[in-house]
Protein chains: 2
Amino acid sequence: MSALEYSPYAAACPSRQLLDRIGDRWSVLTIGTLADGPARYSAIAARVQGVSQKMLTQTLRALERDGLVTRTVFPEIPPHVEYELTDRGRSLREVLKPLEDWATSHMDDVAISRDEYDAR
Amino acid sequence: MSALEYSPYAAACPSRQLLDRIGDRWSVLTIGTLADGPARYSAIAARVQGVSQKMLTQTLRALERDGLVTRTVFPEIPPHVEYELTDRGRSLREVLKPLEDWATSHMDDVAISRDEYDAR
DNA sequence: CCGTATCCCCCCCGATACTG
DNA sequence: CAGTATCGGGGGGGATACGG
(Lines give C-alpha, C1' and ligand atoms only; values in the text may rest on other atoms or scores of the structure.)
Protein backbone atom coordinates (compact mmCIF):
# COMPACT_ATOMS: atom_id res chain seq x y z
CA MET A 1 0.00 0.00 0.00
CA SER A 2 1.61 3.28 -1.03
CA ALA A 3 1.33 6.47 0.96
CA LEU A 4 -1.18 7.89 -1.46
CA GLU A 5 -3.41 4.91 -0.95
CA TYR A 6 -3.69 5.13 2.80
CA SER A 7 -7.35 5.22 3.69
CA PRO A 8 -8.74 5.24 7.20
CA TYR A 9 -11.89 3.71 5.78
CA ALA A 10 -10.01 0.46 5.32
CA ALA A 11 -10.10 -1.56 8.51
CA ALA A 12 -6.50 -2.70 8.35
CA CYS A 13 -5.01 0.59 7.24
CA PRO A 14 -2.47 2.02 9.68
CA SER A 15 -3.89 5.49 9.16
CA ARG A 16 -6.95 4.34 11.04
CA GLN A 17 -4.79 3.55 14.05
CA LEU A 18 -3.55 7.09 13.81
CA LEU A 19 -7.11 8.38 13.74
CA ASP A 20 -7.80 6.34 16.84
CA ARG A 21 -4.85 7.89 18.61
CA ILE A 22 -5.99 11.32 17.61
CA GLY A 23 -9.52 10.54 18.59
CA ASP A 24 -8.48 9.73 22.11
CA ARG A 25 -9.88 12.45 24.35
CA TRP A 26 -6.75 12.80 26.44
CA SER A 27 -4.48 13.08 23.44
CA VAL A 28 -6.36 16.05 22.07
CA LEU A 29 -6.42 17.86 25.38
CA THR A 30 -2.81 17.05 26.16
CA ILE A 31 -1.61 18.35 22.82
CA GLY A 32 -3.76 21.41 23.33
CA THR A 33 -2.11 22.05 26.67
CA LEU A 34 1.36 21.78 25.16
CA ALA A 35 0.43 24.19 22.38
CA ASP A 36 1.33 27.07 24.68
CA GLY A 37 4.85 25.78 25.11
CA PRO A 38 6.74 23.17 27.15
CA ALA A 39 5.10 22.06 30.36
CA ARG A 40 5.86 19.89 33.33
CA TYR A 41 3.94 16.76 34.09
CA SER A 42 2.15 18.30 37.03
CA ALA A 43 1.19 21.37 35.02
CA ILE A 44 -0.41 19.23 32.31
CA ALA A 45 -2.26 17.21 34.92
CA ALA A 46 -3.65 20.40 36.44
CA ARG A 47 -4.83 21.74 33.10
CA VAL A 48 -6.45 18.57 31.80
CA GLN A 49 -9.01 18.19 34.53
CA GLY A 50 -10.18 14.72 35.36
CA VAL A 51 -7.31 12.81 33.81
CA SER A 52 -5.85 10.14 36.07
CA GLN A 53 -2.14 9.77 36.60
CA LYS A 54 -2.22 6.48 34.78
CA MET A 55 -3.95 7.83 31.72
CA LEU A 56 -1.83 10.95 31.48
CA THR A 57 1.38 8.96 31.61
CA GLN A 58 0.01 6.47 29.11
CA THR A 59 -1.06 9.27 26.78
CA LEU A 60 2.26 11.07 27.00
CA ARG A 61 4.14 7.85 26.26
CA ALA A 62 1.98 7.20 23.22
CA LEU A 63 2.49 10.73 21.94
CA GLU A 64 6.22 10.40 22.49
CA ARG A 65 6.25 7.08 20.66
CA ASP A 66 4.53 8.68 17.70
CA GLY A 67 7.10 11.47 17.61
CA LEU A 68 4.56 14.12 18.55
CA VAL A 69 6.05 15.01 21.91
CA THR A 70 9.54 15.06 23.42
CA ARG A 71 10.24 14.13 27.01
CA THR A 72 13.12 15.82 28.78
CA VAL A 73 14.28 14.73 32.21
CA PHE A 74 16.26 17.17 34.33
CA PRO A 75 18.42 15.14 36.73
CA GLU A 76 17.38 17.01 39.83
CA ILE A 77 15.87 16.16 43.14
CA PRO A 78 12.99 16.35 43.20
CA PRO A 79 12.63 15.13 39.60
CA HIS A 80 11.75 17.61 36.90
CA VAL A 81 10.31 16.42 33.59
CA GLU A 82 9.26 18.61 30.73
CA TYR A 83 7.15 17.74 27.73
CA GLU A 84 7.15 19.68 24.51
CA LEU A 85 5.51 19.37 21.13
CA THR A 86 7.75 18.37 18.23
CA ASP A 87 7.35 19.98 14.82
CA ARG A 88 5.12 17.09 13.89
CA GLY A 89 3.12 17.58 17.04
CA ARG A 90 2.68 21.25 16.24
CA SER A 91 1.49 20.44 12.74
CA LEU A 92 -1.11 18.13 14.27
CA ARG A 93 -2.11 20.81 16.74
CA GLU A 94 -2.84 23.11 13.82
CA VAL A 95 -5.59 20.81 12.57
CA LEU A 96 -6.78 20.00 16.08
CA LYS A 97 -7.30 23.58 17.15
CA PRO A 98 -10.16 24.26 14.68
CA LEU A 99 -11.80 21.13 16.04
CA GLU A 100 -11.56 22.39 19.59
CA ASP A 101 -12.93 25.74 18.51
CA TRP A 102 -15.78 24.05 16.67
CA ALA A 103 -16.72 22.12 19.80
CA THR A 104 -16.90 25.18 22.03
CA SER A 105 -18.66 27.38 19.50
CA HIS A 106 -21.33 24.82 18.55
CA MET A 107 -21.97 23.43 21.98
CA ASP A 108 -25.08 25.51 22.63
CA ASP A 109 -26.76 24.50 19.38
CA VAL A 110 -25.92 20.85 19.89
CA ALA A 111 -27.35 20.94 23.40
CA ILE A 112 -30.61 22.31 22.01
CA SER A 113 -30.75 19.61 19.35
CA ARG A 114 -30.23 16.96 21.97
CA ASP A 115 -33.06 18.26 24.09
CA GLU A 116 -35.39 18.33 21.09
CA TYR A 117 -34.41 14.83 20.09
CA ASP A 118 -34.94 13.47 23.58
CA ALA A 119 -38.31 15.18 23.87
CA ARG A 120 -39.68 13.20 20.92
CA MET B 1 -21.37 29.14 32.16
CA SER B 2 -21.57 31.35 29.06
CA ALA B 3 -20.71 30.16 25.57
CA LEU B 4 -17.43 32.00 25.65
CA GLU B 5 -16.39 30.17 28.76
CA TYR B 6 -16.86 26.67 27.43
CA SER B 7 -13.64 24.81 27.88
CA PRO B 8 -13.08 21.15 27.11
CA TYR B 9 -10.28 21.19 29.67
CA ALA B 10 -12.89 21.40 32.39
CA ALA B 11 -14.10 17.95 33.32
CA ALA B 12 -17.76 18.86 33.64
CA CYS B 13 -17.96 21.11 30.59
CA PRO B 14 -20.41 19.94 27.94
CA SER B 15 -17.93 20.82 25.22
CA ARG B 16 -15.83 17.92 26.39
CA GLN B 17 -18.73 15.58 25.69
CA LEU B 18 -18.80 17.03 22.23
CA LEU B 19 -15.11 16.37 21.82
CA ASP B 20 -15.74 12.80 22.88
CA ARG B 21 -18.40 12.41 20.24
CA ILE B 22 -16.13 13.88 17.63
CA GLY B 23 -13.25 11.77 18.76
CA ASP B 24 -15.19 8.58 18.20
CA ARG B 25 -13.61 6.75 15.29
CA TRP B 26 -16.91 5.74 13.75
CA SER B 27 -18.30 9.24 13.93
CA VAL B 28 -15.37 10.66 12.01
CA LEU B 29 -15.50 7.99 9.34
CA THR B 30 -19.29 8.15 9.05
CA ILE B 31 -19.27 11.91 8.61
CA GLY B 32 -16.49 11.52 6.08
CA THR B 33 -18.57 9.07 4.09
CA LEU B 34 -21.54 11.41 4.05
CA ALA B 35 -19.35 14.29 2.88
CA ASP B 36 -19.85 13.08 -0.71
CA GLY B 37 -23.61 13.43 -0.41
CA PRO B 38 -26.57 11.49 0.98
CA ALA B 39 -26.09 7.77 1.40
CA ARG B 40 -28.11 4.72 2.33
CA TYR B 41 -27.41 2.72 5.44
CA SER B 42 -25.93 -0.17 3.49
CA ALA B 43 -23.71 2.16 1.48
CA ILE B 44 -22.25 3.67 4.62
CA ALA B 45 -21.69 0.24 6.09
CA ALA B 46 -19.80 -0.81 2.96
CA ARG B 47 -17.56 2.25 3.02
CA VAL B 48 -16.72 2.23 6.70
CA GLN B 49 -15.03 -1.14 6.78
CA GLY B 50 -15.14 -3.08 9.99
CA VAL B 51 -18.02 -1.23 11.59
CA SER B 52 -20.65 -3.53 13.09
CA GLN B 53 -24.34 -3.06 12.43
CA LYS B 54 -24.85 -2.15 16.04
CA MET B 55 -22.16 0.50 16.14
CA LEU B 56 -23.17 2.06 12.85
CA THR B 57 -26.77 2.43 13.95
CA GLN B 58 -25.68 3.75 17.31
CA THR B 59 -23.33 6.25 15.67
CA LEU B 60 -25.96 7.47 13.22
CA ARG B 61 -28.49 7.93 16.03
CA ALA B 62 -26.00 9.94 18.02
CA LEU B 63 -25.14 12.12 15.04
CA GLU B 64 -28.83 12.65 14.37
CA ARG B 65 -29.41 13.55 17.99
CA ASP B 66 -26.70 16.18 17.79
CA GLY B 67 -28.24 17.68 14.67
CA LEU B 68 -25.31 16.68 12.49
CA VAL B 69 -27.17 14.22 10.30
CA THR B 70 -30.73 13.85 9.03
CA ARG B 71 -32.47 10.52 8.65
CA THR B 72 -35.05 10.16 5.89
CA VAL B 73 -37.23 7.09 5.59
CA PHE B 74 -38.82 6.29 2.24
CA PRO B 75 -41.95 4.23 2.89
CA GLU B 76 -41.13 1.49 0.46
CA ILE B 77 -40.69 -2.23 0.54
CA PRO B 78 -37.95 -3.10 0.97
CA PRO B 79 -37.18 -0.17 3.31
CA HIS B 80 -35.07 2.67 2.03
CA VAL B 81 -33.34 5.02 4.46
CA GLU B 82 -31.07 7.86 3.54
CA TYR B 83 -28.69 9.78 5.76
CA GLU B 84 -27.39 13.23 4.94
CA LEU B 85 -25.21 15.81 6.62
CA THR B 86 -26.94 18.91 7.94
CA ASP B 87 -25.35 22.33 7.57
CA ARG B 88 -23.92 21.86 11.03
CA GLY B 89 -22.62 18.47 10.04
CA ARG B 90 -20.95 19.95 6.99
CA SER B 91 -19.31 22.65 9.08
CA LEU B 92 -17.91 19.92 11.31
CA ARG B 93 -16.73 17.98 8.30
CA GLU B 94 -14.73 21.02 7.22
CA VAL B 95 -12.58 20.82 10.33
CA LEU B 96 -12.48 17.02 10.28
CA LYS B 97 -11.18 16.71 6.75
CA PRO B 98 -7.80 18.31 7.51
CA LEU B 99 -7.47 15.82 10.35
CA GLU B 100 -8.11 12.91 8.04
CA ASP B 101 -5.60 14.30 5.58
CA TRP B 102 -3.06 14.77 8.33
CA ALA B 103 -3.45 11.14 9.37
CA THR B 104 -2.86 9.74 5.91
CA SER B 105 -0.01 12.08 5.03
CA HIS B 106 1.92 11.58 8.27
CA MET B 107 1.34 7.88 8.66
CA ASP B 108 4.68 6.86 7.21
CA ASP B 109 6.67 9.13 9.51
CA VAL B 110 4.71 8.06 12.54
CA ALA B 111 5.28 4.41 11.73
CA ILE B 112 9.02 5.06 11.59
CA SER B 113 8.96 6.84 14.93
CA ARG B 114 7.10 3.95 16.48
CA ASP B 115 9.66 1.45 15.25
CA GLU B 116 12.50 3.55 16.61
CA TYR B 117 10.78 3.94 19.95
CA ASP B 118 10.08 0.23 20.24
CA ALA B 119 13.66 -0.63 19.32
CA ARG B 120 15.02 1.25 22.33
C1' DC C 1 7.92 15.16 41.67
C1' DC C 2 7.16 11.73 38.55
C1' DG C 3 6.30 7.98 37.86
C1' DT C 4 5.28 2.13 37.90
C1' DA C 5 2.54 -1.91 39.42
C1' DT C 6 -1.51 -4.18 40.67
C1' DC C 7 -6.22 -5.08 41.22
C1' DC C 8 -10.70 -4.98 39.54
C1' DC C 9 -15.01 -3.08 37.88
C1' DC C 10 -17.60 -1.29 34.25
C1' DC C 11 -19.24 -0.86 29.84
C1' DC C 12 -18.10 -0.90 25.14
C1' DC C 13 -18.63 -3.56 21.47
C1' DG C 14 -18.90 -7.73 18.54
C1' DA C 15 -21.70 -11.82 17.59
C1' DT C 16 -25.95 -13.72 17.00
C1' DA C 17 -30.76 -14.13 16.45
C1' DC C 18 -34.99 -12.16 15.24
C1' DT C 19 -38.56 -8.55 12.90
C1' DG C 20 -41.37 -5.02 10.01
C1' DC D 1 -33.12 -3.42 3.59
C1' DA D 2 -32.67 -1.64 7.86
C1' DG D 3 -32.99 -2.20 11.75
C1' DT D 4 -33.88 -4.06 17.34
C1' DA D 5 -32.78 -7.28 21.33
C1' DT D 6 -29.90 -9.84 24.00
C1' DC D 7 -25.85 -12.01 25.81
C1' DG D 8 -21.13 -12.26 27.05
C1' DG D 9 -15.92 -11.46 26.62
C1' DG D 10 -12.16 -8.16 26.74
C1' DG D 11 -9.96 -4.27 27.78
C1' DG D 12 -10.02 0.56 28.95
C1' DG D 13 -9.39 3.11 32.77
C1' DG D 14 -10.00 4.42 37.93
C1' DA D 15 -8.19 3.65 42.69
C1' DT D 16 -4.66 2.51 45.44
C1' DA D 17 -0.16 1.44 46.98
C1' DC D 18 4.56 1.69 46.37
C1' DG D 19 9.45 3.19 44.23
C1' DG D 20 13.49 6.29 42.44
Side-chain angles (χ1 to χ4, degrees), chain A residues 8-12 16-30 33-34 38-66 69-84 117-118 120, chain B residues 8-12 16-30 33-34 38-66 69-84 117-118 120:
Chain A
Y9 297 95
R16 179 176 284 191
Q17 299 167 21
L18 204 44
L19 258 195
D20 288 343
R21 166 66 36 74
I22 294 167
D24 180 56
R25 60 190 298 189
W26 303 126
S27 292
V28 174
L29 297 175
T30 299
T33 295
L34 294 175
R40 301 183 60 161
Y41 181 90
S42 53
I44 302 172
R47 178 94 195 283
V48 183
Q49 295 174 31
V51 67
S52 66
Q53 196 171 37
K54 176 182 177 180
M55 288 313 297
L56 181 54
T57 298
Q58 190 173 303
T59 299
L60 287 167
R61 289 293 176 279
L63 295 177
E64 187 191 5
R65 179 170 181 261
D66 286 353
V69 158
T70 57
R71 178 173 182 269
T72 308
V73 180
F74 295 87
E76 305 169 353
I77 293 181
H80 179 174
V81 182
E82 277 202 349
Y83 293 91
E84 184 174 15
Y117 186 92
D118 294 342
R120 287 194 267 155
Chain B
Y9 297 95
R16 178 176 283 191
Q17 299 167 21
L18 202 46
L19 257 195
D20 289 343
R21 168 66 36 73
I22 294 168
D24 181 56
R25 60 189 298 191
W26 303 125
S27 292
V28 174
L29 296 174
T30 299
T33 295
L34 293 176
R40 300 182 61 160
Y41 181 90
S42 53
I44 302 172
R47 178 96 196 280
V48 183
Q49 296 173 30
V51 68
S52 66
Q53 194 172 40
K54 177 180 176 178
M55 287 314 296
L56 181 55
T57 298
Q58 190 172 303
T59 299
L60 286 166
R61 290 290 178 282
L63 295 177
E64 187 191 4
R65 180 169 180 262
D66 287 353
V69 158
T70 57
R71 177 174 182 268
T72 308
V73 179
F74 296 88
E76 304 168 356
I77 293 181
H80 180 172
V81 181
E82 278 202 349
Y83 293 91
E84 184 174 14
Y117 186 92
D118 293 341
R120 287 194 267 155

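Chain naming here is simple, since letters A, B, ... match the order of the sequence lines and numbering starts at 1 in each. All values below come from the heavy atoms of this structure, side chains included, with hydrogens, waters and symmetry mates left out.
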K.L.:
Hey, does the side chain of S27(B) reach the backbone of R21(B) with a donor-acceptor pair shorter than 3.5 angstrom?
P.N.:
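Present.
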K.L.:
If I take atom CD1 from residue I44(A) and atom CG from residue L29(A), how far apart are they, to the nearest 0.5 angstrom?
P.N.:
11.5 Å
K.L.:
Nearest 0.5 Å please: distance from the CD atom of Q49(A) over to the OH atom of Y9(B).
P.N.:
11.5 Å
K.L.:
For every nucleotide of nucleotides 2-17 of chain C, 5' to 3': is a protein heavy atom under 4.0 Å from its base (B), only from its sugar-phosphate (S), or from neither (-)?
P.N.:
SBB--------BBB-B
K.L.:
What are the two closest heavy atoms between A45(A) and V51(A), and how far apart are they?
P.N.:
O-CG1, 4.3 Å
K.L.:
Can you tell me how far the OH atom of Y83(A) sits from the OG1 atom of T30(A), to the nearest 0.5 Å?
P.N.:
10.5 Å
K.L.:
Looking just at side-chain N and O atoms, do T57(B) and Y41(B) make a donor-acceptor pair shorter than 3.5 Å?
P.N.:
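Result is yes, a qualifying pair exists.
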K.L.:
Measure the CG-CZ distance between L34(A) and R47(A) for me, rounded to the nearest 0.5 Å.
P.N.:
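So the CG of L34(A) and the CZ of R47(A) are separated by 9.5 Å.
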K.L.:
Which angle, to the nearest 10 degrees, lies between the helix axes at the two ends of the helix from dC1(C)-dG20(D) to dG20(C)-dC1(D), each defined by five pairs?
P.N.:
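That helix has its two terminal axes inclined by roughly 50°.
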